[in-house]
Amino acid sequence: TAIKGGVESLQGRPAKAQEQMIQAMVGAIAHLVQQGRFNPGDVKKLAVPVRFGPAVALLVKLFVLLGVTNSFWDQRLKANQAFEQRFERPFEQGKPASETSKNLRSA
């Protein structure tokens, strides 16, 4: 199993940046399919965390203060008519679920 964190942000990246990340994953998967195991070099490349400079850190702090850090996910939830249920926990043990969550589980 391979999990690459941060890929949910691909939609917000420029096309060139998307290609770079996708090519690395495709290469790792191709090697896995052909050789039956991951290439350690591919895994090492994919494991490198993305680092941002001080300017980006300052922008992130500003966005947090302005309350816009969840806007991307809020838009996705609204587009899927799920925004009102964003804090529900229908599968948490011992907690009553709303009618909406009950309907989702029975679907």
Side-chain angles (χ1 to χ4, degrees):
T1 301
I3 299 171
K4 173 66 175 161
V7 294
E8 63 274 356
S9 65
L10 274 176
Q11 296 176 13
R13 293 179 182 215
K16 190 73 169 170
Q18 289 180 15
E19 288 177 23
Q20 291 172 347
M21 184 177 283
I22 291 171
Q23 285 176 350
M25 288 189 290
V26 169
I29 292 167
H31 189 274
L32 173 65
V33 170
Q34 294 169 356
Q35 304 295 322
R37 63 187 188 318
F38 284 106
N39 177 339
D42 291 339
V43 172
K44 191 172 184 175
K45 285 180 197 173
L46 289 170
V48 174
V50 176
R51 301 280 186 210
F52 298 108
V56 174
L58 184 62
L59 282 174
V60 169
K61 287 180 184 178
L62 178 63
F63 290 157
V64 169
L65 288 173
L66 294 174
V68 296
T69 52
N70 290 330
S71 64
F72 173 80
W73 295 112
D74 289 348
Q75 288 173 357
R76 300 268 88 58
L77 290 168
K78 288 175 184 176
N80 291 295
Q81 292 79 41
F83 185 76
E84 298 302 322
Q85 294 87 29
R86 68 191 179 278
F87 296 116
E88 291 189 10
R89 297 178 178 186
F91 302 107
E92 187 173 309
Q93 296 293 325
K95 299 284 183 179
S98 72
E99 285 302 312
T100 305
S101 295
K102 288 178 187 175
N103 292 337
L104 288 174
R105 281 192 276 173
S106 62

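Note that the coordinates shown come from a computational prediction; the quantities given were computed from them, not determined experimentally.
Taken from CD in Glu84 to NZ in Lys78, the straight-line distance is 9.0 Å, to the nearest 0.5 Å. We find the CD-NZ distance between Gln18 and Lys16 to be 12.0 Å, quoted to the nearest 0.5 Å. Here the CG-NZ distance, from Asn39 to Lys45, works out to 8.0 Å after rounding to the nearest 0.5 Å. Taking CG of Leu58 as the reference point, atom CZ of Phe63 lies at 10.0 Å (rounded to 0.5 Å). How far CH2 of Trp73 is from CZ of Arg76: 8.0 Å, rounded to the nearest 0.5 Å.
The nearest pair of heavy atoms linking Arg37 to His31 is O-ND1, 3.1 Å. Pairing each heavy atom of Ala28 with each of Leu46, the nearest pair is CB-CD1, 3.7 Å.
Put simply, Val64 and Leu59 are part of two different groups of oily side chains (I, L, V, M, F, W, Y) that touch within less than 4.5 Å, one to the next.
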